[in-house]
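Please read the structure below before turning to the comments.
Predicted, not measured: the structure shown is a model, and the values here were computed from it.
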Amino acid sequence: MTSDTQVMNITCIGGGVMASAFAVAQSAKHCVRIVPSRYDAQTVTQIQATNRDERLDCQWPKNIAFSTELVASDLIVIGVSAAGLDWALEIARELLVLRSCPVLLLTKGLVPTKNGLTPLSVYLSQMLNTPAFAITGPCIAKDLAHGMPT
């Protein structure tokens, strides 16, 4: 890492395959923490026991922490299914109290609003009062975790 590279504190909300792939890809240059949902318990247990993520076919970087303890972040990444969006919004709100920062959305979809359908990134930006950006696909999580162009 060169001296002009800024190390960011990144919090990924959700431990699904795409959020985990994003965390693995960023862990070489940044401090990454994953706040797992209750649905991620089996995956977290397996990774902690084997230091390997079988879904991504890779060794699990030692510097990625699974934790429900919230710390100030430079970037919040939301990587849950649409069904977990309300939970993720609550976690993001708590994180934004600690430090204002942008939100990166790995979740795809639209939200029905009184004005019709709204992209999730626009909806989240309005709900959280912070810039929200979306990564669109196609993107193969395993390729991302292995540092391949995707």
Side-chain angles (χ1 to χ4, degrees), residues 1-109 111 119-137 139-148 150:
M1 216 177 323
T2 63
S3 60
D4 62 344
T5 302
Q6 181 183 358
V7 175
M8 294 181 10
N9 290 310
I10 301 172
T11 298
C12 294
I13 301 174
V17 69
M18 189 55 76
S20 294
F22 183 88
V24 168
Q26 296 304 311
S27 68
K29 295 183 180 179
H30 303 288
C31 298
V32 182
R33 170 183 300 265
I34 295 177
V35 178
S37 75
R38 61 184 175 157
Y39 302 107
D40 300 320
Q42 184 176 3
T43 298
V44 171
T45 299
Q46 179 264 321
I47 289 171
Q48 289 175 329
T50 65
N51 293 317
R52 183 165 182 76
D53 189 329
E54 295 301 329
R55 304 166 305 167
L56 301 173
D57 190 27
C58 71
Q59 287 299 117
W60 191 256
K62 292 182 181 359
N63 60 337
I64 299 176
F66 289 106
S67 178
T68 56
E69 179 184 350
L70 303 182
V71 298
S73 302
D74 300 306
L75 176 67
I76 298 168
V77 178
I78 297 178
V80 299
S81 68
L85 197 57
D86 289 337
W87 170 78
L89 267 168
E90 289 307 312
I91 300 295
R93 282 187 181 111
E94 292 178 42
L95 285 165
L96 289 167
V97 168
L98 300 173
R99 179 184 297 150
S100 181
C101 67
V103 172
L104 179 65
L105 185 61
L106 302 176
T107 306
K108 298 169 184 72
V111 176
L120 280 177
S121 58
V122 173
Y123 176 76
L124 283 178
S125 183
Q126 293 169 347
M127 295 297 291
L128 297 172
N129 196 31
T130 195
F133 305 92
I135 292 181
T136 60
C139 180
I140 306 300
K142 191 174 182 180
D143 290 348
L144 178 61
H146 286 268
M148 298 173 66
T150 182

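Ser81 pairs by the side-chain contact (heavy atoms from CB on, under 4.5 Å) definition with Ala83, not counting sequence neighbours. The side-chain hydrogen bond (donor to acceptor under 3.5 Å, both in side chains) search around Arg99 returns Asp74, not counting sequence neighbours.
We find the NE2-CD1 distance between His30 and Ile64 to be 12.0 Å, quoted to the nearest 0.5 Å. Atom CD of Gln48 sits about 11.0 Å away from atom OG1 of Thr43, to the nearest 0.5 Å. Between atom CG of residue Asn51 and atom CD of residue Gln46 there is a gap of 10.0 Å, rounded to the nearest 0.5 Å. Taken to the nearest 0.5 Å, the OG1 atom of Thr11 stands 12.5 Å off from the CG atom of Leu104. With values rounded to the nearest 0.5 angstrom, Cys58 atom SG is found 7.0 Å from Arg52 atom CZ. Summarising the geometry, atom CD1 belonging to Ile34 is positioned 11.5 Å from atom CD1 belonging to Ile13; distances are rounded to the nearest 0.5 Å.
Residues in residues 61-101 take part in these ring pair (Phe, Tyr, Trp, His ring centres under 6.0 Å) pairs, two or more places apart or across chains: Trp60-Phe66.
Contact of the Arg93 side chain with the Leu128 side chain is registered, since non-hydrogen atoms from C-beta on lie closer than 4.5 Å.
Contact between Cys12 and Ala23 at its shortest, heavy atoms only, is SG-CB, 4.2 Å. Contact detail for Pro61 and Val24: the closest heavy-atom pair is CD-CG2, 4.0 Å.
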